[in-house]
Amino acid sequence: MADLQSLFQSVTQAKDEQELRSHISTQVGQYFAAKRSGLFFFDALPEKIRDRNLQKLMELALSTEHNPVLRYLVERHTPVHEALVVSPSSWRLICPRPDHWHVMAGPIVSQGQLVGAIGFTRVREMPSFDTQNLMDLSALCLHLSTWVATVRSSQQILKTNRLTSRELQIAELVAQGRTNAEIGAELWITENSVKQALKRMFRKLNVSSRTQMVAQLSANSKLLSPDSKAG
C-alpha cells in the first residue's frame, strides 16, 4: 500500500510528464482507494483524443460551464470533491456514469495558471471522498505543481539555448514590434531570410506565433530586454 512519502518520492524521480504518469498512476489510485484515477495536462489532451465521441465527452467534462468540479478548480486552484459543489441528485444528472458516483480532483498549477489536474472516482458502493482525502491530495498537488514548474522551466531553457545569436537578435526585434522588412533592414539580411529564420525558431521553441515566441523567451529574463514588447 502506497503512502504519501512514497508518492512524493515518485514525483521527484520522474524525468518528464509521461514518466510522471507511469510512476504514480497505480500508487495514487491505491492510496486514495479509487476505482479510476488519471493525471492530465491540458495542453497534451488534443493530441491524444482521436475518437469523436470521446472528444465530445472530454469537451463536456472540461467545460467550466457544465462541470462544477472543474469550475471550482479553475477559480480556486484547490482540491475538491463533487459533494462540496453540487447536490448528489444534481451530480447524477451531470455525470451519470456508475463508476463516477464519487469524484475528487486536484489542480496542477504552473506560473499561476491551471495546466493540468489529477482526478479520482469511486463507485456508488464505495464511501465518498472526505476531508482527509482533500488534505492529502492538496499536499500531493503541491508537489506535482512544483515538479511541473521546475521541469517545464528547464525544458524551456533547453529550447531557448538552441537559438543562435542571430536568431536571438531577430527575436529581440520581434519583441520590439518590428516587421520582417524592418528586421531585415536592421540586420542587413533579406525579408525572406527573416521569414525562414522565424520558421526555424518556431520549430525549435515549439510555438506557432510571434506572440507565443516572445512570451516563451520573456520567461527567461536574460534573453529579452525588459522593455521589449510584442507587436
Counting only N and O atoms by type, is there a donor-acceptor contact under 3.5 Å from the side chain of [X] to the main-chain atoms of [Y]?
X: Ser10; Y: Ser6; value: yes
X: Glu167; Y: Thr164; value: yes
X: Arg76; Y: Arg71; value: no
X: Thr150; Y: Thr146; value: yes
X: Arg21; Y: Phe40; value: no
X: Thr121; Y: Asp99; value: yes
X: Ser145; Y: Leu142; value: no
X: Glu82; Y: Val103; value: yes
X: Glu172; Y: Leu168; value: no
X: Arg122; Y: His100; value: no

Pairwise side-chain contact, [X] with [Y], heavy-atom cut-off 4.5 Å (strictly under):
X: Leu73; Y: Val80; result: yes
X: Pro68; Y: Ile94; result: yes
X: Ile24; Y: Leu144; result: yes
X: Leu173; Y: Leu187; result: yes
X: Glu182; Y: Glu186; result: no
X: Leu134; Y: Asp130; result: no
X: Val174; Y: Leu198; result: yes
X: Phe129; Y: Leu137; result: no

Met104 and Asn133: CA distance, side-chain angles, deciding distance, side-chain contact (heavy atoms from CB on, under 4.5 Å) verdict: CA-CA 9 Å; Met104 180 175 68; Asn133 294 142; 3.8 Å; yes
For a side-chain contact (heavy atoms from CB on, under 4.5 Å) check, start with the C-alpha distance between Val109 and Val115, then their side-chain angles and the critical distance, and finish with the verdict. CA-CA 6 Å; Val109 180; Val115 298; over 6 Å; no
Closest heavy-atom contact between [X] and [Y]?
X: Lys15; Y: Trp147; answer: C-CZ2, 4.1 Å
X: Pro107; Y: Pro79; answer: CD-N, 3.7 Å
X: Arg210; Y: Arg178; answer: NH2-O, 2.8 Å
X: Phe202; Y: Met213; answer: CE1-SD, 3.9 Å
X: Phe41; Y: Leu20; answer: CZ-CD2, 4.1 Å
X: Ser37; Y: Gly29; answer: OG-CA, 3.8 Å

Below 6.0 angstrom between ring centroids: does that apply to Phe8 and His143?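 Centroid separation for Phe8 and His143: below 6.0 Å.
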Using the six-membered ring of Phe120, assess whether NZ or CZ of Arg36 lies under 6.0 Å from its centre and within 45 degrees of the ring axis. no
Trace of the side chain to side chain donor-acceptor pair (under 3.5 Å) decision for Gln212 with Ser208: CA-CA 7 Å; Gln212 288 180 349; Ser208 58; 3.1 Å; yes
So, taking the atom named CE in Met135 and the one named OG1 in Thr131, what distance separates them when rounded to the nearest 0.5 Å? 8.5 Å
List the residues meeting side chain to side chain contact (heavy atoms under 4.5 Å, CB included) with Thr190, not counting sequence neighbours, and say none if there are none.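 By the side chain to side chain contact (heavy atoms under 4.5 Å, CB included) rule, Thr190 matches Asn192, Ser193.
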Taking side chain to side chain contact (heavy atoms under 4.5 Å, CB included) as the definition, give me every residue that meets it alongside Ala185, ordered by chain and number, with sequence neighbours left out.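 Applying side chain to side chain contact (heavy atoms under 4.5 Å, CB included) to Ala185 gives none.
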Taking atom CD of Glu75 as the centre, report whether more than 12 heavy atoms of other residues, nucleotides or ligands fall under 6.0 Å from it.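 Buried by this count: over 12 neighbours within 6.0 Å.
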Is it the case that the side chains of Ser165 and Gln169 hold a donor-acceptor pair, with the cut-off being a distance below 3.5 Å and no angle test?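 There is no such pair between these side chains.
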Using the rule that Ile, Leu, Val, Met, Phe, Trp and Tyr join whenever any side-chain heavy atoms are under 4.5 Å apart, tell me whether Leu70 and Trp91 fall into a single cluster. yes
In this structure, would Leu84 and Val86 fall into the same cluster of hydrophobic residues linked by side-chain contacts under 4.5 Å? yes
Check against side-chain contact (heavy atoms from CB on, under 4.5 Å), Val194 and Thr179: CA-CA 10 Å; Val194 176; Thr179 65; over 6 Å; no
